Q: 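Here it is: the structure, laid out below.
First the proteins, then the strands, lettered A, B, ... as listed; each starts at 1. Model, not experiment: these values are computed from the prediction.
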Amino acid sequence: MAASAPPIALVDGNNFFASCEKVFDPSLRGVPVIVLSNNDGCAVARSAEAKALGIPMGAPLFKIRDIVAAHGVRVFSGNFELYGDMSRRVTEVLSSFTPDLEVYSVDESFLAFPGMDHARLLDLGQVIRKRVERWTGIPVGVGFGPTKTLAKLANYLAKKVTMFDGVASLMEAEVRQAVLAQIPVGEVWGVGRALAPRLEAMGIRSAYDLAALDPRQARRAFTVVGERLVRELNGLSCLGLDDVPPARQSAVVSRSFGRAVTSRAELEEALAAFAHRAAEKIRAEGLAACYVQAYAHTNRFAEPESRYAGCAGTTLIEPTADGGLLIGEVKSLLERFWRPGPGFAKAGVMLAGLVPEASSMGSLFGRPAPKRDKAKRLMAAMDALNARMGRDTIKPLAAGLGKPWQGKSAHRSKAWTTRWAELPVVRA
DNA sequence: TCTGGGGTCCTAGGACCC
DNA sequence: TCTGGGGTCCTAGGACCC
């Protein structure tokens with residue numbers, strides 16, 4: 001056999017958001033738990049017990065009220081501050097195993113183990129599971145493969161097949177031969193809603209069928225994405241491990257409203273709040289934006305005749321991360337697409353064309369340097385205070401005090417780990 | 001009554017230039 | 001009558017991911 005590719009592990013949290021809630025509330029053990037998206041809209045995480053009740057991923061809460069009531073399902077509003085912090089803790093534990101780590105999402109990381117003996121991988125996987133669970137309280141699954149795509153598939157098996165006890169490996173070609181035919185093609189990482197039916201129409205039903213496709217044919221039918229899929233499934237690594245996260249290209253802040261917004265002043269306030277938050281995000285990464293866009297639309301499930309979507313964007317004279325300036329921009333953008341009448345259900349602000357702040361050296365037409373520097377110091381002071389005292393300790397008035405447009409969040413748990421006032425209390 | 005948010009990559013097609 | 005070809009850049013939109 002050719003020198004095989006170094007093992008890659010995919011480690012991910014089981015039912016991550018639901019597990020985070022369980023860590024801090026012992027009464028949730030053995031009980032069905034769901035976590036809702038923003039605005040208490042859909043179930044975005046389900047504990048094993050909730051899955052067993054047949055609650056589908058992404059189910060709108062109003063459609064599962066009956067199941068929730070009948071089985072005493074515990075319902076939580078998304079507490080993303082908590083999940084973010086728990087995610088950071090899990091990553092910290094994982095980095096005790098290898099420096100070669102890519103944080104792929106809030107609940108998933110790829111880890112590389114070059115030179116590791118394949119025979120020892122399953123044991124290593126169990127050690128990882130135990131350490132993460134003991135140190136953070138979060139149960140995880142581990143999948144090993146010579147490529148990211150195969151590591152993802154192995155992770156799928158680790159969860160799906162009880163016998164694997166949370167750890168599986170697809171390092172060996174013979175194992176893949178035996179197993180891939182059992183996996184529906186739609187489970188392959190990168191095969192989504194649109195691609196799966198097209199593949200099935202071609203008679204490609206399993207991961208095995210897809211792996212057997214001629215890469216050139218895959219490219220013709222499904223672009224380079226398809227070709228890469230086929231190669232990755234055959235153990236040829238096309239997707240490297242990014243241990244340094246690539247610089248972000250855009251930042252979006254958007255929200256669904258708690259109720260339809262019909263007042264222009266309210267919509268303007270919401271957009272200002274989003275612009276403020278988006279500016280905060282890019283400042284935290286030392287970036288500045290060259291382009292800003294604002295948008296708002298009515299309920300996307302409404303009758304087509306009554307729908308309206310407005311959107312406007314502008315290129316900035318000089319890159320900026322100044323919240324005050326960006327708030328001014330979105331206000332004038334709103335002027336371009338505002339329309340009285342429709343009740344807006346959701347709005348958002350996008351900052352794009354992000355560049356390192358240091359490279360924004362101003363322009364002939366930009367603001368004079370002293371004014372710009374003053375704004376910069378103001379932003380830095382605000383960020384420092386908010387970092388210490390908690391988000392929105394201070395914020396621009398334009399971003400609103402009342403927030404009548406704010407989404408629903410009726411079942412929020414505490415920010416147990418990130419706010420002093422909400423620290424759990426232990427009684428002996 | 002009630003249906004998330006935040007990203008990336010890829011392609012097609014138009015504008016523009018030589 | 002006849003009306004190039006190729007490259008680049010930008011944007012919009014689709015698909016995918018979690």
Q: Can you identify which nucleotide, out of dG5(B), dC18(C), dG7(B), has its nearest atom closest to the S256(A) side chain?
A: dG5(B)
Q: What nucleotide among dC9(B), dC2(B), dG5(B) has an atom nearest to a side-chain atom of N38(A)?
A: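 Output: dG5(B).
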Q: Need one value for V103(A): base, sugar-phosphate or nothing, where a base atom within 4.0 Å counts as base even if backbone is also close, heavy atoms only.
A: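 Nothing, no nucleic acid heavy atom in range.
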Q: Which part of the nucleic acid, if any, lies within reach of L36(A) when heavy atoms closer than 4.0 Å are counted: base, sugar-phosphate only, or nothing?
A: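 Nothing, no nucleic acid heavy atom in range.
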Q: Please measure how far the C1' atom in dC17(B) lies from the corresponding atom in dG4(C), and state the result in whole Å.
A: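 Result for the C1' pair: 14 Å, nearest Å.
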Q: If the plane angle is over 60° it's perpendicular, under 30° parallel, otherwise tilted; pick one for W416(A) and F24(A).
A: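 Ring orientation of W416(A) relative to F24(A): parallel.
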Q: What's the closest nucleotide to the A251(A) side chain, out of dG6(B), dG7(B), dG4(B)?
A: dG7(B)
Q: For the residue pair T418(A) / D85(A), report whether a side-chain donor-acceptor contact shorter than 3.5 Å exists.
A: no
Q: NA contact type, F80(A), heavy-atom cut-off 4.0 Å: base, sugar-phosphate, or nothing?
A: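 The residue F80(A) makes no contact with any strand.
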Q: Which residues satisfy the salt bridge (charged side-chain N to carboxylate O under 4.0 Å, His left out) test with D66(A), sequence neighbours excluded?
A: none
Q: Any base atoms under 4.0 Å from A59(A), or only sugar-phosphate, or nothing? Heavy atoms, all strands.
A: nothing
Q: Looking at every strand, decide which applies to V253(A) at a 4.0 Å heavy-atom threshold: base, sugar-phosphate, or nothing.
A: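 Sugar-phosphate only.
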Q: We want to know whether S47(A) and N15(A) form a side-chain donor-acceptor pair, criterion being a heavy-atom distance below 3.5 angstrom.
A: no
Q: With a 3.5 Å limit on both atom pairs, tell me what dC18(B) is paired to, counting Watson-Crick and G-U wobble, or say none.
A: dG5(C)
Q: With sugar-phosphate meaning primed atoms plus P, OP1 and OP2, does D107(A) contact a base, only sugar-phosphate, or nothing at under 4.0 Å between heavy atoms?
A: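 Sugar-phosphate, backbone atoms only, no base.
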Q: Base, sugar-phosphate, or nothing for R228(A), non-hydrogen atoms under 4.0 angstrom?
A: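 Result for R228(A) = sugar-phosphate.
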Q: If you look at every strand shown and take non-hydrogen atoms under 4.0 Å, does R248(A) touch a base, only sugar-phosphate, or nothing?
A: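 Sugar-phosphate, no base atom in range.
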